[in-house]
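Notes follow the structure.
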Amino acid sequence: NEARLAAFCSAKGRMLASFICFKRSHDDILLVCSRDLLAPTLKRLKMFVMRAKASLTDASDGFVVRGLAGSALPEKVAAYLPWTKTDVAGAHLVSLYPADGVARALWIAPLGEPEPVSEPLTTADWLLSEVRSGVATITEPLIEAFVPQMLNYESVGGVNFKKGCYPGQEVVARSQFRGTLKRRAFLAHSQAPMAAGQDVFQSGEADQPCATVVQAARTASGNFEAIVSGQIVALQSQSLHVGSVDGPALHIEAMPYALLEDI
């Protein structure tokens with residue numbers, strides 16, 4: 001009874017999209033991804049149907065997706081591990097990674113199903129919780145910018161190394177078992193606005209960015225927090241700037257979960 005975070009990669013192992021997928025029934029599977037990548041992801045996935053007795057369609061108009069956090073979650077769901085799927089009445093709840101210790105989940109249900117009754121959570125608060133969870137969602141500016149390990153996906157259940165024969169499998173597996181990972185994802189904060197796709201520079205290195213902003217959100221105090229992916233050595237230098245070498249200062253924090261290599 002599990003959902004799964006999945007990295008969909010090109011033949012070069014670079015991520016085209018990331019999504020949560022789970023079985024609704026024996027022959028019905030739902031994938032949830034960033035809306036701006038839905039159409040190209042659907043088009044690309046159809047290339048792999050071949051002679052399988054399967055059809056892929058955009059189901060957006062038939063379902064409602066809501067984010068739940070804290071007391072909005074049923075008590076048993078709040079205690080479940082990430083990517084656990086729970087059926088509640090006519091809906092599905094998929095447990096996510098917590099943010100600042102607060103349990104989170106996606107509520108996914110057919111259109112017309114009664115929605116959960118709880119204190120409303122603003123979009124801004126949800127987006128910030130997405131960042132603070134440390135699990136990034138790929139959006140349009142970052143197609144093919146990373147292999148999964150650059151976003152720590154191997155550490156949060158986003159890559160299955162026991163399953164072969166998927167696009168980019170050879171590159172992704174080689175990076176895991178035969179290479180040395182030089183780029184990782186970290187949490188970061190700045191007083192200046194940040195946006196997905198923005199470059200990060202190290203002091204004195206104006207010619208080449210050392211990292212990229214993957215996902216960003218504004219805090220209640222007006223500052224910004226982000227998930228950034230870049231060179232481990234550079235991001236540990238603590239002498240970083242957003243947008244240019246003379247841009248606003250960027251401060252790095254550790255992720256709220258252990259990396260697979262450290263477990």
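Minimum interatomic distance between Gly134 and Ile227 (heavy atoms only, all atoms of both residues): C-CD1, 3.7 Å. In plain terms, the two heavy atoms of Ala234 and Ser237 that are nearest each other are O-OG, 2.6 Å. In this structure, Leu151 and Ala185 approach most closely via the heavy-atom pair CA-CB, 3.8 Å. Closest heavy-atom contact between Arg104 and Tyr97: NH1-O, 2.7 Å. Taking each heavy atom of Ser190 and Asn223 in turn, the nearest pair found is O-CB, 3.6 Å. In terms of heavy atoms, Cys210 sits closest to Phe201 at SG-C, 4.0 Å.
Contact check for Val200 versus Pro209: no side-chain heavy atoms found under the 4.5 Å cut-off. In this structure the side chain of Lys182 never reaches within 4.5 angstrom of the side chain of Gln231, judged on heavy atoms. Pro148 places a side-chain heavy atom less than 4.5 Å from the side chain of Cys9. At a threshold of 4.5 Å between non-hydrogen side-chain atoms, the residues Val77 and Ser95 count as touching. Ile20 places a side-chain heavy atom less than 4.5 Å from the side chain of Leu96. Side-chain atoms of Gln191 and Pro248, non-hydrogen and from C-beta on, never get closer than 4.5 Å to each other. Annotation: side chain of Gln198 is not in contact with side chain of Thr212 (no heavy-atom distance under 4.5 Å). Looking only at side-chain heavy atoms (C-beta outward), Leu37 and Glu140 come within less than 4.5 Å of each other.
Val242 and Leu128 are members of different hydrophobic clusters when ILVMFWY side chains are connected at heavy-atom separations under 4.5 Å. Linking ILVMFWY residues whenever their side-chain heavy atoms come closer than 4.5 Å, directly or via other members, places Leu106 and Val131 in the same cluster.
Of the possible polar contacts, none joining the Ser133 side chain to the Pro98 backbone as a donor-acceptor pair under 3.5 Å is found. Put simply, the side chain of Trp83 gets close to the backbone of Val156: a donor and an acceptor are under 3.5 Å apart. In this structure a side-chain-to-backbone donor-acceptor pair under 3.5 Å is present from Tyr153 to Ala136. Judged purely by atom type and a 3.5 angstrom limit, Ser10 uses its side chain to pair as donor or acceptor with the backbone of Lys12. Looking at Asp100, its side chain never comes within 3.5 Å of a backbone N or O of Val102 through a donor-acceptor pair.
For the residue pair Thr219 / Glu225, no side-chain donor-acceptor distance below 3.5 Å is found, with atom types taken as modelled. Between the side chains of Thr86 and Tyr80, no donor-acceptor pair of N or O atoms lies under 3.5 Å. Donor-acceptor pairing under 3.5 Å is lacking for the side chains of Asn152 and Ser155. Inspection of the Asp246 and Ser244 side chains reveals no N or O donor paired with an N or O acceptor under 3.5 Å.
Between Glu154 and Arg184 there is a salt bridge, since a side-chain N of the basic residue sits under 4.0 Å from a carboxylate O of the acidic one. Look at Lys23 and Glu2 and you find no salt bridge, because none of the NZ, NE, NH1 or NH2 atoms lies under 4.0 Å from a carboxylate O.
Here the CD-NE2 distance, from Glu253 to His251, works out to 10.0 Å after rounding to the nearest 0.5 Å.
Between His189 and Phe224, the distance from one ring center to the other does not fall under 6.0 angstrom.
A cation-pi arrangement is absent between Arg66 and Trp126, since the terminal nitrogen or guanidinium carbon is not both under 6.0 Å from the aromatic centre and inside a 45° cone about the axis.
Using cut-offs of 30° and 60° on the angle between ring planes, the pair Phe8 and Phe48 is perpendicular.
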